[in-house]
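Remember, it's a predicted structure, so these values are computed and weren't measured experimentally. Every heavy atom of this structure was used, including side-chain atoms; hydrogens, water molecules and symmetry mates were not.
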Amino acid sequence: MSQISYPAFPDDVSTHPLLVIDYKLIEAEDEKEIDRLWEAGTKLGFWYLKNHGVDEEANNMFQMGAETMALPLEEKMKFEQGDQGKSFGYKAAGANAVDATGRKDTVEFINIAKDDALSWPKIAHRTYPDPVQSKMETVVAPFVKKSLDVNNKLLEVLNDRLGLPAGALLQRHSDDEHSSSEARVIRNPANPPEAGQALGSHTDFGSLSFLHNRLGGLQVLVPGAETWQYIRPIPGHAICNIGDAVSIFSGGILRSNLHRVVPPPGEQRKFERWSLVFFTRPGDSVMLRPLTTESDVIAEAVSKHPKEQLDAGVTATEWFTRRIRNQRINNRKGPETWLASRGTEDNPSA
């Protein structure tokens, strides 16, 4: 995938600023930087991350993704993820709903299981199109491993601020157990329909998301706001956000915020929009409930909220499967199907 010179992100659209967190300072356990990460994680749940050291691996993943998406649709559909609530594999444009009316999404993507990347050449979950299979060891696995290092360090820092015993969050994201953690390369076509949404409004299913994109399109709905705002892409900066699982573990202290992906603004909409994300999610058997018995900080937070808002009462894989399955157009029965796909959103109909 050759480097393209994209038009600048326009200045005449509404944007929301994010804190810029320096990963090198987080690695060095700089207290002021950790304070800023905590602020980002508890107020909006989104932040920019610089100096993360994954740019080369991300570029290689973009190239692999472009080779995969260039395959004939018939070939890609041999690896389709299906309608049973499994995420790994290929998803064609239009396979998912973006809202309760049943409008279809406009993106195609390939999801590659963390477990398959780490167990290669042994198959943990499934096989993938040839560009993925042939680069699993040289491209996918290095990206997955470095992304895990970044996300695990962030989890470690948040773990301590939550007053949890050392390693409590990492134990729930152990490589010793299969999970829904995955790498995803996403393509949205150039000049998409004006009203089309690449991805409908949602909170992320898992714990931490580590996003690399080159064009605008990501929007957030800030708490208390009624209008969506773009997140301006900054070269060399990833965008990280909190997902449902770690928000639940924290008793709602860490925020899993609504976001969506729409066509890029201005001249940028004339170009294909490529993005790459690594999702860290808990082990399949991990129960999603606040860790009140392990942290006085979390117990105090939970005492201020109705229990049913915070205790999912299901395993990570049950939570994930329900959400994936009810997004699928083939499973749609009506608006209730979309509502059944919701997570920790404050406004489930958004």
Side-chain angles (χ1 to χ4, degrees), residues 1-4 6 23 48-71 75-76 79 81 87-93 107-121 123-154 175 179-189 198-199 204-218 233-241 243 261 264 271-281:
M1 186 180 189
S2 59
Q3 292 290 333
I4 299 173
Y6 293 113
Y23 183 68
Y48 294 113
L49 191 70
K50 68 178 183 178
N51 293 326
H52 50 72
V54 192
D55 288 325
E56 180 180 352
E57 290 78 9
N59 288 337
N60 292 338
M61 284 289 289
F62 277 119
Q63 178 63 43
M64 182 276 298
E67 294 171 9
T68 302
M69 299 310 171
L71 295 171
E75 178 65 18
K76 290 182 286 191
F79 304 91
Q81 59 187 201
S87 180
F88 311 133
Y90 173 72
K91 189 207 73 69
V107 296
E108 61 173 343
F109 54 69
I110 184 74
N111 289 339
I112 309 161
K114 174 206 74 174
D115 302 322
D116 282 319
L118 297 185
S119 67
W120 180 261
I123 297 172
H125 295 285
R126 64 165 306 150
T127 59
Y128 301 86
D130 183 67
V132 178
Q133 295 282 111
S134 64
K135 293 181 171 62
M136 190 73 80
E137 184 175 16
T138 58
V139 172
V140 181
F143 173 74
V144 166
K145 289 174 182 177
K146 279 204 170 183
S147 298
L148 280 170
D149 288 343
V150 170
N151 280 0
N152 285 348
K153 181 61 182 179
L154 297 176
D175 290 340
S179 74
S180 298
S181 297
E182 63 189 0
R184 174 182 297 174
V185 185
I186 312 167
R187 174 191 169 272
N188 199 39
L199 296 171
D204 280 353
F205 305 166
S207 294
L208 279 176
S209 303
F210 182 39
L211 170 71
H212 310 260
N213 61 2
R214 293 168 172 172
L215 292 176
L218 175 64
I234 301 177
H237 291 59
I239 298 172
C240 298
N241 66 278
V261 179
F271 292 79
E272 287 184 331
R273 183 183 188 274
W274 290 87
S275 54
L276 165 68
V277 61
F278 182 78
F279 299 103
T280 289
R281 296 170 177 140

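- Residues V261 and V107 are not in side-chain contact: their nearest non-hydrogen atoms beyond the backbone lie 4.5 Å or more apart.
- Side-chain N or O atoms of K114 include none that pairs as donor or acceptor with a backbone N or O of F279 at under 3.5 Å.
- The closest side-chain heavy-atom distance from V185 to T68 is not below 4.5 Å.
- Between F62 and H212, the gap from one ring centroid to the other reaches at least 6.0 Å.
- Taken to the nearest 0.5 Å, the CG atom of L49 stands 6.0 Å off from the CG atom of L154.
- Between the side chain of Y90 and the backbone N or O of E108 there is no donor-acceptor pair closer than 3.5 Å.
- At distances below 3.5 Å, not a single donor-acceptor pair connects side-chain atoms of R273 with backbone N or O atoms of P264.
- Within the 3.5 Å criterion, the main-chain N or O of K50 finds no donor-acceptor partner in the side chain of H52.
- Taking both residues in full, the closest heavy atoms of D116 and I123 are given as OD1-C, 3.8 Å, listed atom of the first, atom of the second, then distance.
- More than 12 heavy atoms of other residues, nucleotides or ligands shown are found within 6.0 angstrom of CD on E75.
- For the pair R126 (side chain) and F79 (backbone), a donor-acceptor distance under 3.5 Å is present.
- No donor-acceptor pair closer than 3.5 Å links the side chain of D115 to the backbone N or O of A124.
- For the pair I239 and Y48, the minimum side-chain heavy-atom distance is below 4.5 Å.
- Atom CG of N241 is separated from atom OG of S207 by 11.0 Å, given to the nearest 0.5 angstrom.
- With hydrogens and angles disregarded, a donor-acceptor distance shorter than 3.5 Å links the side chain of S181 to the backbone of R281.
- Of the possible donor and acceptor atoms, one in the side chain of K76 sits under 3.5 Å from a partner among the backbone N and O of M69.
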